[in-house]
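Here's the structure we're looking at; comments come further down.
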Number of protein chains: 2
Amino acid sequence: MATRTGRSQRRTEALSRERIVEAAVELLDAVGEDGLTFRTLTERLATGPGAIYWHVANKGELLGAATDAVVAAALAVEPAGSPDAPQDGIRAVALGLFDAIEEHPWLATQLATQISHSPWGPVAPRLFETIGRQVRALGVPEAGWFTATSALMHYILGAAGQNAANTMSARTLGPDTDRAQFLDAVSTAWEQLDPDDYPFTRAVADQVRGHDDREQFLAGIDLVLAGVTALHLTNG
Amino acid sequence: MATRTGRSQRRTEALSRERIVEAAVELLDAVGEDGLTFRTLTERLATGPGAIYWHVANKGELLGAATDAVVAAALAVEPAGSPDAPQDGIRAVALGLFDAIEEHPWLATQLATQISHSPWGPVAPRLFETIGRQVRALGVPEAGWFTATSALMHYILGAAGQNAANTMSARTLGPDTDRAQFLDAVSTAWEQLDPDDYPFTRAVADQVRGHDDREQFLAGIDLVLAGVTALHLTNG
DNA sequence: ACCTGAACACCGTTCAAGT
DNA sequence: ACCTGAACACCGTTCAAGT
């Protein structure tokens, strides 16, 4: 009668750091950040906590490794050949991260945590390098590399995370609630804010309705890119 | 002999949601996110967990209230009279948040968590409204309000958070480690990355050395503002 | 209405013991 | 070298009982 969730049989393959990280990612995707515990993880891997601690120092390191693995996979898809428009390279990287965060909603919070708890860890440099190469390909002079790359990085992480939050919220409202319905709900909620305290937000509420979020995300990228071009007189 | 930490005597003032939130902020500032527990909080307030749960639904709500309180205070300082250069309004708001995150480093992670866990909560609209008003004052046409405001908001939160992380890391390295020394350490670490995998980051490492972070932060703001101007032909 | 504090279920982590 | 699993300290939360 005891319900066997997943693969709780005796394990055949040997344990390894990669298998543990892989299981952690699957668990994060399936049950979210709060659902990943050493209990659920050991059950899934059919082992004990001590075995996991043999391969991984602690939970923080495990979350870091899971984050890095997903980010690395997302950035690896980046097309090698540069397209005719140099800005398409950045758009591709940005959309890759956008999709990854949407597919793994826990990624948004984890990226913020990783970057702010250990900026010297593997995640931050990986992101910085990938985005930075596209900035360089854009023809930005070296003096502007740091500013342009970090502006793009912060916008991408923030906007994609915000968007994943919207997707999650829509799911919470009901499994059949789609994005349009949710944006409609947000729009309506904003329109009901106090007119004295929130005149701007109320005024903008209507714009949110009917917006395609991917398009909106790219509009933000283009805005930052316009700033890069304006300040650095890139490819005239 | 028992060490009485802080004000663990019998409490005189009545408990209230505000007093609880205030104590939570003080505790977060003093001992960080992990140090705030219902144990430490009840000790500081000389009460029991049940008393706190009478005023606050759960820990998440408490963290949300603490975040909102600090953000509201930071944004309230915003100067009422608009200066001659319209961009100074945005710079003032941005620096206000920058300073708040630096003073309360837990704010960076919490802002990300709050915005991504409950975008309908008080924090996100408050930020959006305050930044948005400055965008409007800039003369941006209504069609661009949403894109411009969210681009600025995401850059501000990301860059200020990144910076707070640097400050914290410097403190971890040693109490007498100042920012210049830390940036030097980061610069050196980046220069030692694999040349094949991180050519861009290595090339930019030298720029990081000797940069003033506040100046760097404002450079990013100006980059996004340049994008706003370029795309919307604002106050040409 | 507001507060007390013991109790509960659960968490991350450790470690002596096995192979 | 790698894994087991009981045990530990601690956490957020509940709730019957008090005032």
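Note on naming: letters A, B, ... go to the chains in the order of the sequence lines (proteins, then strands), and numbering restarts at 1 for each one. Computed from heavy atoms alone, side chains included, the values below leave out hydrogens, waters and symmetry copies.
Between B:L45 atom CG and C:dG5 atom C1' the separation is 16 Å, expressed in whole Å. For the pair A:L41 CG and D:dT4 P, the interatomic distance rounds to 13 Å; values are reported in whole Å. What separates CZ of A:R17 from P of D:dC2 is a distance of 14 Å, to the nearest Å. Distance A:L15 CG to D:dC3 P: 5 Å, rounded to the nearest Å.
Listed by first residue number, the stems of DNA chain C with at least three Watson-Crick or G-U pairs below 3.5 Å are C:4-8 with D:12-16, C:12-16 with D:4-8.
A:W190 and A:D206 are not linked by any side-chain donor-acceptor pair at a separation below 3.5 angstrom, with hydrogens and angles left out of the test.
The two residues A:E129 and B:P199 have their closest heavy-atom pair at OE2-CD, 3.0 Å.
Look at A:H55 and you won't find any side-chain N or O under 4.0 angstrom from OP1 or OP2 of D:dA1. OP1 or OP2 of C:dC2 has at least one side-chain nitrogen or oxygen of B:W54 nearer than 4.0 Å.
Here B:D197 does not pair with B:R202 in a salt bridge; the nearest charged N to carboxylate O distance is not below 4.0 Å.
For residues 24-60 of chain B, the ring pair (Phe, Tyr, Trp, His ring centres under 6.0 Å) pairs, not counting sequence neighbours, are B:F38-B:Y53.
Between A:Y155 and A:F217, the ring planes lie parallel to each other; the angle is under 30°, not in the 30° to 60° tilted range.
Rounded to the nearest 0.5 angstrom, B:I221 CD1 and B:L95 CG are separated by 7.5 Å.
For the side chain to side chain contact (heavy atoms under 4.5 Å, CB included) criterion with B:L152, the lone passing option out of B:L127, B:L157, B:V135, B:T147 is B:V135.
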Inset, instruction - Sugar-phosphate atoms are those with a prime plus P, OP1 and OP2; base atoms are the rest. Using that split, label each nucleotide of nucleotides 6-19 of chain C B, S or - for protein heavy atoms under 4.0 Å, 5' to 3'. - result: B----BBBBB----
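Between B:Y198 and A:F128, the distance from one ring center to the other does not fall under 6.0 angstrom.
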